[in-house]
Every structure is written in structure tokens, then in C-alpha cells.
Amino acid sequence: MIKLNVNGKDYELEVDGTKRLLDVLRDDLGLTGTKEGCGEGECGACTVIMDGAIVDSCLLLASRCEGRKIITIEGLEREDGKLDPVQQAFIEKGAVQCGFCIPGMVLASKVILDKNENPTDDEIKVGLSGNLCRCTGYNKMVEAVKRAAEIRKEEK
Amino acid sequence: MGYKSVGKRVFRVDARSKVTGKTLYPQDIYMEGMLYGKTLRSTVPHAYIKVDISKAEKIDGVAKIFTAKDITGENHHGVLLKDHEAFCEKKVRRIGDPIAFVVAESQEIAEKAVDKIEVTYEEIEGVFDPIEAMKEDSPKVHEGQSNLMYEYNLKKGNAEDAFKECDVIAENEYRVGMVDHAFLQPEAGIAYMEGDKVVVCVSSQYPHFDKLEIAEALGIEESKVKCLNPAIGGAFGGREDITLQIHLALAARTLGKPVKAIYSRKESFLAHAKRHAVIMRCKTGATKDGKLKALKAEFIGDTGAYASWAINVMRKCGIHGTGPYEIPNVEIKSCAVYTNNPFAGAMRGFGATQAPVSYEQQMDVLAEKLGMDPIEFRMKNIFRIGSHTATGQELYESVPLDRCLEAVEGYFKGRSSDICKADDTKKRGIGYAASFYGTGYGNGFPDISVGEAELSREGNINIYLAAADCGQGSDTIMQQIAAEPFKSDIDIINYFSRNTDMTKDSGTAAASRQTYNTGNAVRIAAEKLKNTLLEKAKEQLGLNTALGLDISDGEIFLKTKKEIRISLKELAEKMYGAGEIEAELVREEATFIAQTTEMDQENGQGCPYWPYTFGAGGIEVEIDTATGKLEIIDAASAQDVGRAINPELVEGQMDGGFAMGYGYAVFEDLGIQNGRIKNDRFSGYLIPTAKDTPNLKKFIIEDPESTGPYGAKGIGEPVLTYVAPAILNAIYAAVGVRIYELPATPEKILKGLKEKKKKQSV
């Protein structure tokens, strides 16, 4: 039995030793926004935020996440339907194509901005380099992160 | 231009659900009581097989193990030739061939059972080199058939004689290897029964064709199969051949329960096609005034164990072998050969991506021999209005290649690589490339799209269209096109595209044909509906004629007296009535068929594609001569689009195509040896990351094509075709090393530098 906080909700879950955090999120909690692209921590599609840092949920055994606070893509949209600035900026800047990498990209982008209000292009690119995208060539994602930084300032 | 919807940077219709994680890909669908499937695949490249499932099927929790003998219809599939078996019966022809499909109560049990299936392989000698495979005594991949499975010959003028009149000749061999689409969403799917109909949910570029292949393999009527196309996590040609559709449908229908399967990344690498590896031998000659005179080229494509699209890919490669240049004397031979390598099929560019790696390096080699600027040399020879291609097709409009080249040249103008030089070991250089791309299936094959438009009960416009949105954005583009006749933004549209029971066949999302072909079909359907609605409004408004009636933002009005008007909502209420008996909705259908002609068998003359699309790239690289490491400093692409339906989405394609071309040129290598893919994971198969990819300057070149919807042409593939050769030409500009075989790894660049040094010291 482990205790987890996912998107602000507490869960007590029965997990066997081999279950990955990714499996718990998708199969047990129905949070299918978190994707599996490679299963070896290379593509970042399974990125979630754990205690403020991005992690590959395909590499983490759920049993090792006791007491952790996890944010998945489903946890970003606010209750009134308002989107997180990163989500809004990804739409505005045309940074979305097939979308499979997008939940991970959005969460990685959020953490970039949580740590650095005014990231440079290079800092954004380094921050996104753990997440693969085959469609967009990343240019519009970099623009989106910069746009999200603006929206965050406007909201303050 | 005065368009209301076309040409606008409309936000993608699917963006919100994608950024919130709500979009469902097939792996995200869970059903009550579902079973899990796992495929057993061949571990050797060429062998006769015997399969024993007796131990595996006794494992607790195994529902059934399917093999060739369980196929209820024809045990075959294939986009053109039916040379794939759904399950190999007697022989495997490549590593990864499907042999059995275990269905069990859990993923773990299915995997355990796969391990317990006993396959006895009686290995046969394999053949892995297409040149070896063409020899008469080579092992035959398909028994009783020659490995040389296709040959295309293009002849114009007399190349042999013309070389005698050339002042400079470049003769080189270039090689490009197989690469993978590496879309982020591995294949997955779920199938279930709905009455006596089997429903298959697998992301696909062409669900209507999947339906045919499933029905044939299961031996049932097409009407008993429904394909739903959930969100597609990238495709690039890799979701055209059947992977798990037949297995899932067969299992769900046999067992009467939902069956789901998800491929691992490794299995994904094994399951779908690769880009054709091509050996390209080119002899190109020009006169000293810089005019191209003759080309003799041979393209040998390795299609691996199965045909897939080999015929069409290698035909396209041959037709595009001249590059976008007028050459009076051409002799091209292009062929496809079976081997026991992974099978090759469609991948973005489809033969027109491989060819520029040869012809655009040839252009630079010749320009250097002539002592001419490479852009100036190209400008003397490029296709312009009135030009004829090597197949004799007249290009009578929308040929803005000069503008594309001018745009990228202008972007880099005034920069000198010498000034840019960072320090002694690092050298910079700028390279250019141009290319062209013929849209559609080609060669006279019927290229048909059907679209439907309907007035909804609420006064909106329902659009039924089967175009698959693989991420390129067709769902958004089609709505923009459909809204235009109504002079409305896309809010007026309800869009239905993901269900084969609700839509007619719009052909495949391939060959950069959806915007052009299906865009035309939906444009015509929407225009027909508009005209019908104007007639209906005439009756409701008590007018004698529909003349002078117009529509915008959901209202029909008389242009000479705008107070005489009726909203579509009111019109729908009047037409359909509010009573118990609801009238049938007014629906209009339109078909668009592209115009191409079949080429002459002997000389390859004809009009194989229409329209052609043009583009150019300029790239500045920096090479560290101590390590061979390459970095892209700056890059520009200029893409002819006819007209941009949505510039934001066009730019997205240009960015994505650039990154894919960059990967092709510099990183991507499957490491295939004796038919085995060594780099079958993202830790080994490297694709560009955000850190690798430079900012790209994008020039959208508009020159409307009169047969396109609002002048638009497709650009999904063209945007990639000039990238790799521009990088290769930039490497040469930087350090004087010509790369003849992709990818241009640091090792190859260093080796080239050493050889150059050796030559200079002699």
C-alpha cells in the first residue's frame, strides 16, 4: 500500500513491486494524458512533475513514490476551465501537431518557467531536450515557452 | 484576397484537447472485460518455420493463440501487391515477420505465452545487398520470383551522345540507408464486436483501405467491418501498411470480446516499413556556359522483404532524378529489389527525398568545376513556367522555384564563411539545395477524394470527410476550406472524419495529397451546398430567383437590400420543420479526381504527377575539424505552397520537415546488419532534440495553382526534400569534404578530412 498525492488528490493504492508510476497513473487512476513512447526514459512522453521536478514516469517504480506529490497533464487545467499559461501558449503559437509528446512537453515547459521566469532560447532548448518530438522541429515550442513566460507575467 | 477563413492563422481545432491530455490515442482506450494481445515475431531473417503452440496455450489465462491456420479469409495483405502474410505460414522473410498472436487475460500472461511458443527455424541463406540480390543465383526472397521486382526507365533525347558535347561531367555514387519514421506514438489498437460487426480502432493514414484488408483477411463482407481512427501520434508514411489491424479484428471476432494490443518501441521498429535505402549512380554533364546537357542515372532501391509501396517509391525516385532542372538528354533507370532486410515502404518524400541527395550534390560539384556560383548555376537550369520535365510534362503555371532560391540566397547574402570563422579548428560554410515534388498517387492511377457537406438542424454545416489528421493539421485545414464558401469562420462547421461508417473514401493521407485532393472535394461539396441553400432561401424569402443572394457569417441576404435576409438557423427550422416528422437533412456530395496520365512503358514519358511543388533550403554549418562534429548555425527554407490555407500550419510543416531532414543527413542510422536492426530504441536511433535544432527562417512562397482549392498545393513532404542535400553541400563549403553516404557522422567527416590532407600532401 502506498500513499500518493496526484493533482492535489490523496490516493492510497495497492501496488505490486513491478508496477511503474506510469502504469499506476494510466491503468489505475485513468490519467491517460501521460503517454508511453519508449519505456526507457529517452523520449519524455511519460514526463510528470514530482515534487517540483520533471521525472520519467516509465523509469520509476510506483512503490518508490511513497508520499510524493505528482502533477500530470490533467492537473494543469484549472477548475474554471482556464488553461495553464503554457497550455494556452502552446495553442496560440501552433506548437502542437500530433500531440503525443505534448503532455510531457507542456509539463517540462512549466518546470522551466517555475525555475526561471525569463529563460533564453538556449535555456528553453536545454530544458526541453529530454523530450522528443518528431513533428514540430521544436521551433514553435520554444516560441510557446517564451509566450507562456509573458502570460505568466501578465497574470501576476 | 478577401478570404474569410482561408489564409488565416486559425488555431488548430485539436490543440486544446491535446494540451490538456484529453485526446485519446488507441492505447488510451480501455474497455470492460478486454483481453490483451501480443505478437510473436521471427527472430531470423530467412527460414522455413514450424510452430508449436501446445505448451503456450496451456498457460492459465491464455484465451487463444492465433496462427496462419486460424485465418478465416485470405492470409495476406499489402498496399499494392498482397505479398505480406497476416501470419507467416511456412516461411519467414525478415526479422520481425509476424508468426502468432497470443490473446490473454493480461499483458504479462500474453508475454509469458509468447515466450513459450516453440518455433523451429530451418534457416535458408539470406540476401541483404540489393546488388547481390539481383544476381541470378541469389537466394529468392519470394519463391519462384525474381528479386528484381520493379524497373522504371526514363528516356529523353540521347544522353550518351550528349556527354560528348559537355565541357564538364560529374560522375558519382551516393548511398542513403534505411531510416525509421520514429513517430512518437507506438502502434496500438483495440477491436470489439458491435452486433455482427467488428470495430477496429487503430491510428491509420487510410482507415477505408484498412477496412478492405481486414474484411479480406477475415473472409467477411466489408460492411461487417468498421474502422474508427482515434488520434494519430505521427505517421509520416509509417501507418500505411497493416500492422495489428487484422490480428485485433480476427481475435475480437473469434473470441467475441474486446482485444487490445500496444507495441513497445522495439516492436514498433520491427513492425512498420522503413524509408528505402537507395544506391544512386549519377553522371551529369554541362557545357561551359552553365547549361545542363545530359544526365545518366541509376537508382537501386532496397525494398527489403516486401513490396509495400516499392513500385511507386522507386518510380517517384526515377521521375524526380533530374531535380527541378531542364535537361535535354536524360536516361534514368530506377528499380526496386527484394532482400531479407526490414521491408521498406512509404516515408515522407517517398523516393523524392532520396533523389535530391544525389542531384543536388551533383549540381554543386558541376558548379565548382565550372567555377560558377552554385545558385547562379541552378538559376540557369531551373524549371520555370513553360518548362518541360524529363517525362515531357509541361509546367504551365505556379513554378516559383526562382523565388524560393532567391529567398534563401537573399537570407544569407553578404555573409562570408571566412568572417564567420570562430577559430582555427572550426570552419563554417553555407550550402544550398533546391527540389521539386509531384503530388498524388501518380501515373494515371485514379486519385479520388469524396467529401460531403450538410446543413444541420441547428443551422451549422456538417462536413463528412475521411482525411486522416496524422498531426499535419488536416482537420483544421479542411474546416477552413469548407467554411470559405459560406464566408464564415470555422465555428460554423461540425466535422466528422474518424469513422468509416460515417464518411466516404477520401483516399490516403499520403503523397501530400489531402490539402489538394480532399481539399478540392470538400470545397466543391461546400459550394454545392451553398448554392442549394441559396435556392432554398429564395423560396423562403419569396424571391423569383436566387440571383444576388449572398451568404456570410451564417446569414443569407440580398445584396441589393440587406434587410431581406434569413439566417441559416431559421432556414434549417423552415426546411426541416419543428414537428414530429423530421425531414432528411440536405446533404451535397462532391468528388475530386486529380489528373495524371500513365507513362509510356518504354521511355517513361507522360504526366505522372500534378501539381508539382518547389522549394529550396540554405544552411550554414560549423564543423570542428578536430572532432568532425557538426553544428547548424543558421538555416532557411523557402517553400512554394500555391496558397497557404493556414500559414501557422505551413510553418509547422517546414519546421518539422527541417528537423527530419537534419536527422536524415546527420544522425539517423538503423545499423542494419544481416537484416537485423541494431538501433531499435531511441537510445541508439538518434533523432534531433530541441538542443540540436536551430531556429529556422521560413519563407512561404505563394503562387496560386489554379486547380488547387483556393490555389493551395500540398507541402507535407516537399518541406523535407531539400534539407539533407543543403547540409551536405554546406559541409563541403565548410571543409571541402564531400559525403557520399548518409548519415554524415563525425567519423565520416574526419575520414574525409584525413583523405583530403593526404591528397594535398602528395
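Below, read A as the first sequence line, B as the second, and so on, with proteins coming before strands; counting in each chain starts at 1.
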[X] portion near chain A, given a 4.5 angstrom heavy-atom threshold:
| X | answer |
| --- | --- |
| B:Q653 | both |
| B:L24 | side chain |
| B:D14 | side chain |
| B:F658 | neither |

Gap separating the [atom1] atom of [X] from the [atom2] atom of [Y], nearest 0.5 angstrom:
| X | Y | atom1 | atom2 | value |
| --- | --- | --- | --- | --- |
| A:C135 | B:F236 | SG | CZ | 4.0 Å |
| B:R16 | A:I91 | CZ | CD1 | 6.0 Å |
| B:Y685 | A:E42 | OH | CD | 14.5 Å |

Counting heavy-atom pairs under 4.5 Å to chain B, which of A:G137, A:G127, A:G33, A:C101 comes out on top?
A:G137

Determine whether [X] and [Y] make a side-chain contact, defined as any pair of heavy atoms from C-beta on separated by less than 4.5 Å.
| X | Y | value |
| --- | --- | --- |
| B:N695 | A:D121 | yes |
| B:R681 | A:C38 | no |
| B:D655 | A:T136 | no |
| B:Y25 | A:T32 | no |

Count the heavy atoms of every other residue, nucleotide or ligand shown that sit under 6.0 Å from [atom1] of [X], and state whether that count exceeds 12.
| X | atom1 | value |
| --- | --- | --- |
| B:K112 | NZ | no |
| A:E155 | CD | yes |
| B:K8 | NZ | yes |
| B:K691 | NZ | no |
| A:R64 | CZ | no |
| B:E32 | CD | no |

Does anything in residues 261-273 of chain B reach chain A? List residues with heavy atoms under 4.5 Å apart, or say none.
B:R265

Tell me, side chain or backbone of A:E92 under 4.5 Å from chain B's heavy atoms, or both, or neither?
both

Portion of A:D27 that has a non-hydrogen atom of chain B nearer than 4.5 angstrom:
both

Most chain A-contacting option - heavy-atom pairs closer than 4.5 Å, from B:A659, B:A182, B:G233, B:G657
B:A182

Quick one: which of B:N646, B:L649, B:T689 has the most heavy-atom pairs under 4.5 Å with chain A, could you say?
B:T689

Derivation and outcome, side-chain contact (heavy atoms from CB on, under 4.5 Å), residues A:R26 and B:Y30
CA-CA 10 Å; A:R26 288 178 57 85; B:Y30 293 70; 3.6 Å; yes

Could you report the tightest heavy-atom contact between [X] and [Y], atom names first, then the distance?
| X | Y | value |
| --- | --- | --- |
| A:E74 | B:G21 | OE2-O, 4.3 Å |
| A:F100 | B:Q27 | CZ-NE2, 4.1 Å |
| A:L128 | B:A690 | CB-CB, 4.0 Å |
| A:K35 | B:T23 | NZ-O, 3.7 Å |
| A:K125 | B:T693 | NZ-O, 2.8 Å |
| B:G234 | A:C98 | N-CB, 3.2 Å |

For B:L696, is there any backbone N or O sitting under 3.5 Å from a side-chain donor or acceptor partner on A:N139?
yes

Answer yes or no: is there a donor N or O on one side and an acceptor on the other, between the side chain of A:Q97 and the main chain of B:G652, under 3.5 Å?
yes

For B:D692 and A:Y138, does a side-chain donor sit closer than 3.5 Å to a side-chain acceptor?
no

Have B:T20 and A:Q87 got a donor and an acceptor in their side chains that come within less than 3.5 Å?
no

Can a salt bridge be assigned to the pair B:E648 and A:K93 using a cut-off of 4.0 Å between side-chain N and carboxylate O?
no

Ion pair present between A:K140 and B:E651, side-chain N to carboxylate O less than 4.0 angstrom?
yes

